[in-house]
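Notes to accompany the following structure.
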Protein chains: 2
Amino acid sequence: MAMDAPLPVETEDHEPPEAELIRKLMDYLTAEKMRPGMRLPAERQLAEKLGVGRAALRHVLKSLSLLGVLEMKPSAGTFVRNGTTDLLPRVLEWGVFLSPSRAEAVVEARRTLEVELAGLAAERRTGLDIGRLQHLIDQMSRKDNTASEYVDWDVQFHLAIADAARNEVLAGVLRSLQSMLSVWATRVIVSAGETETSLAMHTPILHAIIDGDAESARVAMRAHMDRATRRLYATIAADSIESFSQKTT
Amino acid sequence: MAMDAPLPVETEDHEPPEAELIRKLMDYLTAEKMRPGMRLPAERQLAEKLGVGRAALRHVLKSLSLLGVLEMKPSAGTFVRNGTTDLLPRVLEWGVFLSPSRAEAVVEARRTLEVELAGLAAERRTGLDIGRLQHLIDQMSRKDNTASEYVDWDVQFHLAIADAARNEVLAGVLRSLQSMLSVWATRVIVSAGETETSLAMHTPILHAIIDGDAESARVAMRAHMDRATRRLYATIAADSIESFSQKTT
DNA sequence: TTACAGAAATTGGTTATCCAATTTTGAGTT
DNA sequence: AACTCAAAATTGGATAACCAATTTCTGTAA
């Protein structure tokens with residue numbers, strides 16, 4: 001049959017048409033020098049300006065607002081936002097769930113970032129940072145903590161270190177990884193009654209940061225991460241991964 | 001006036017209703033033991049089953065498909081996909097680019113990741129990885145390269161290292177940082193005729209990776225990054241930072 | 001029995017219309 | 001001139017009808 005081929009308009013049809021729209025939108029935002037808090041044009045106007053249907057535009061706006069780039073207020077308008085929603089990591093959980101091999105990558109990535117951030121924090125921490133970290137350690141030391149309360153303080157401690165490192169990019173990535181692992185992190189502490197050991201490993205980190213000793217901070221954090229990683233894998237091995245639909249909030 | 005307060009149902013009303021829907025959807029997928037490649041129910045049925053409008057469901061499905069969790073084929077159905085999309089790093093990009101003050105953070109983050117990935121690559125590289133890296137170095141060595149061709153090979157070299165490190169998460173983050181800085185990277189090479197020096201700093205990295213010497217790989221990469229960072233800042237200082245809307249594809 | 005057209009049903013995609021709520025406007029009053 | 005308050009315009013949100021393309025079913029011819 002010699003009917004001519006259907007004209008390969010593109011080798012990769014996996015290029016979603018939405019991606020192009022997103023590009024247009026982002027170009028528009030940059031061109032208009034939109035800053036966080038500013039309102040962007042009404043959907044109808046914007047749709048016409050970009051040459052697309054309102055529904056398509058709507059999908060993109062929704063997606064971006066779910067990711068924390070925009071915020072859509074009913075009857076008010078759509079605004080630029082610089083924050084990051086925890087929905088992105090939430091979605092990543094699904095990806096991690098699907099491919100357990102990636103879970104290892106997440107754990108390792110977190111370990112790497114934590115270590116480097118601890119080092120940076122030791123070099124750059126201010127008095128305010130030290131106070132904050134000390135306070136969090138104090139909270140972790142309380143005897144009447146429930147397991148989940150302890151985990152909360154623990155997470156905040158690590159995020160505070162990330163903040164003290166003065167690198168929003170690395171801190172942001174860590175935040176995402178953190179929330180991805182939070183589900184399992186809770187199990188580790190809960191299942192092992194690990195709070196004392198965990199606490200004992202945090203104080204050297206704090207002291208190294210206070211001393212401004214970057215290398216010690218890295219070493220201490222590395223030790224902490226190695227142990228936490230081992231406990232994590234042990235816990236994962238114990239339960240097989242099945243129930244994945246519970247939640248924080 | 002003693003009318004009682006409007007009952008603070010929630011301190012944070014910024015909880016988008018879509019988040020709840022995503023949760024429901026995820027729960028459904030896990031409950032039905034959906035695996036990549038499987039088709040999920042038609043939009044209309046699914047919408048009714050979840051008790052939401054089709055539009056709302058549609059937004060969520062679109063968002064998830066943009067993130068690579070799902071794939072929507074017109075007239076065929078929506079399918080589960082093992083979530084890998086370059087839009088994930090793209091998101092990180094958006095979050096970062098809104099505040100150009102984060103440029104330094106991006107540079108530093110890249111430096112950190114490159115160093116660690118080089119170390120991991122030295123530990124995990126296969127023969128195939130070595131061959132690829134060697135090939136890329138050979139390409140970079142060609143005398144008839146244009147500046148932009150050289151930069152392309154350079155970028156590929158670094159990404160190949162990231163691949164050899166066997167950590168999709170760190171590699172993905174690096175990729176997004178890379179594309180953010182690619183514009184300036186070109187300028188550095190072009191403006192300085194830096195190819196010889198650049199090449200001279202790449203070979204020690206390759207050799208350390210071939211030898212499986214993680215620490216040497218880190219040191220070599222760190223030296224390379226430090227120099228590149230200095231040249232980058234010099235270039236940035238020359239031009240002021242203004243245009244930030246470019247793109248890779 | 002098998003192969004193959006063609007019709008019917010089902011799919012995601014698009015558009016148009018309406019809705020509720022907020023914001024803005026402006027006349028009227030103090 | 002300043003303030004009130006209601007009406008009108010504008011906003012995002014939701015729904016229903018429609019469209020094009022694919023898939024599936026079915027009946028007929030080989």
Side-chain angles (χ1 to χ4, degrees), chain A residues 1-3 5-10 13-22 24-25 28-29 32 34 36-81 85 87, chain B residues 1 6 9-10 13-22 24-25 28-29 32 34 36-81 85:
Chain A
M1 38 197 56
M3 54 193 304
L7 207 301
V9 274
E10 50 186 9
D13 62 322
H14 292 317
E15 186 76 8
E18 270 73 18
E20 176 64 21
L21 215 189
I22 289 182
K24 278 186 182 174
L25 217 205
Y28 174 83
L29 291 182
E32 297 291 324
M34 296 295 270
M38 292 181 65
R39 208 197 78 176
L40 45 92
E43 289 183 354
R44 295 167 178 80
Q45 303 172 24
L46 230 190
E48 188 176 9
K49 181 183 278 281
L50 297 181
V52 299
R54 189 159 90 105
L57 206 223
R58 201 134 212 295
H59 284 137
V60 169
L61 292 180
K62 255 298 186 218
S63 298
L64 290 181
S65 69
L66 281 178
L67 292 174
V69 177
L70 301 177
E71 179 168 5
M72 307 178 79
K73 295 182 181 179
S75 310
T78 304
F79 302 83
V80 181
R81 194 162 171 270
T85 315
L87 254 110
Chain B
M1 55 274 292
V9 273
E10 50 186 8
D13 63 322
H14 292 318
E15 188 75 7
E18 270 73 18
E20 176 62 22
L21 217 189
I22 287 186
K24 276 187 185 174
L25 219 203
Y28 175 82
L29 292 181
E32 297 291 325
M34 298 294 269
M38 291 179 66
R39 208 197 79 176
L40 46 92
E43 288 183 355
R44 294 167 177 82
Q45 303 173 24
L46 229 191
E48 186 176 8
K49 181 182 278 280
L50 297 181
V52 299
R54 189 159 89 107
L57 206 222
R58 202 131 213 296
H59 284 141
V60 169
L61 292 180
K62 258 297 188 221
S63 298
L64 291 182
S65 69
L66 280 178
L67 289 174
V69 177
L70 301 177
E71 178 168 5
M72 307 177 80
K73 295 182 181 179
S75 309
T78 303
F79 301 83
V80 180
R81 198 163 167 273
T85 301

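Lettering of chains follows the sequences in order, A, B, ..., and the numbering in each one begins at 1. Only this structure's heavy atoms are used, side chains among them; waters, hydrogens and symmetry mates stay out.
- Side-chain proximity of Met72(A) to dG13(D), dT11(D), dT11(C): nearest is dG13(D).
- With the nearest nucleotide of DNA chain C identified for both Val52(A) and Pro74(A), Val52(A) has the one nearer the 5' end.
- Atoms CG (Leu70(A)) and P (dG13(D)) sit 12 Å apart, rounded to a whole Å.
- Under 4.0 angstrom from either OP1 or OP2 of dT11(D) there lies at least one side-chain N or O belonging to Gln45(A).
- For Lys62(B) and dG13(C), the shortest distance from a side-chain N or O to OP1 or OP2 is below 4.0 Å.
- Residues Lys62(B) and Ser63(A) share a closest heavy-atom pair of C-OG, 4.4 Å.
- Atom CG in Leu40(B) sits about 12 Å away from atom C1' in dT11(C), given to the nearest Å.
- Shown here for Pro41(A) and Tyr28(A), the closest heavy-atom pair between the two residues is CG-OH, 3.1 Å.
- Pairing each heavy atom of Arg81(A) with each of Glu71(A), the nearest pair is CD-OE1, 3.4 Å.
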inquiry  = Does Val52(B) form a side chain to side chain contact (heavy atoms under 4.5 Å, CB included) with Val60(B)? I'd like the steps, not just the answer.
reply    = CA-CA 11 Å; Val52(B) 299; Val60(B) 169; over 6 Å; no

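- The nearest whole Å value for the distance from the CZ atom in Arg54(A) to the C1' atom in dG13(D) is 8 Å.
- In this structure, the CZ atom of Arg39(A) is 10 Å from the C1' atom of dT23(C), given to the nearest Å.
- Taking atom CG of residue Leu57(B) and atom P of nucleotide dG13(D), one finds them 16 Å apart after rounding to whole Å.
- Under 4.0 angstrom from either OP1 or OP2 of dG12(D) there lies at least one side-chain N or O belonging to Thr78(A).
- Note: CZ (Arg58(A)) to C1' (dG12(C)) measures 18 Å, nearest angstrom.
- Closest approach to the Ser75(A) side chain among dT22(C), dA21(D), dG13(D) is made by dT22(C) (side chain taken as heavy atoms from C-beta onward).
- Contact between Leu70(B) and Leu40(B) at its shortest, heavy atoms only, is CD2-CD2, 3.9 Å.
- We find that CD of Glu48(B) is positioned 15 Å from C1' of dT15(D), with the value rounded to whole Å.
- Distance CD (Glu43(B)) to P (dC18(D)): 19 Å, rounded to an integer number of Å.
- Listed nucleotides dT11(D), dG12(C), dT15(C) differ in distance to Ala55(A); the shortest reach to its side chain belongs to dT15(C).
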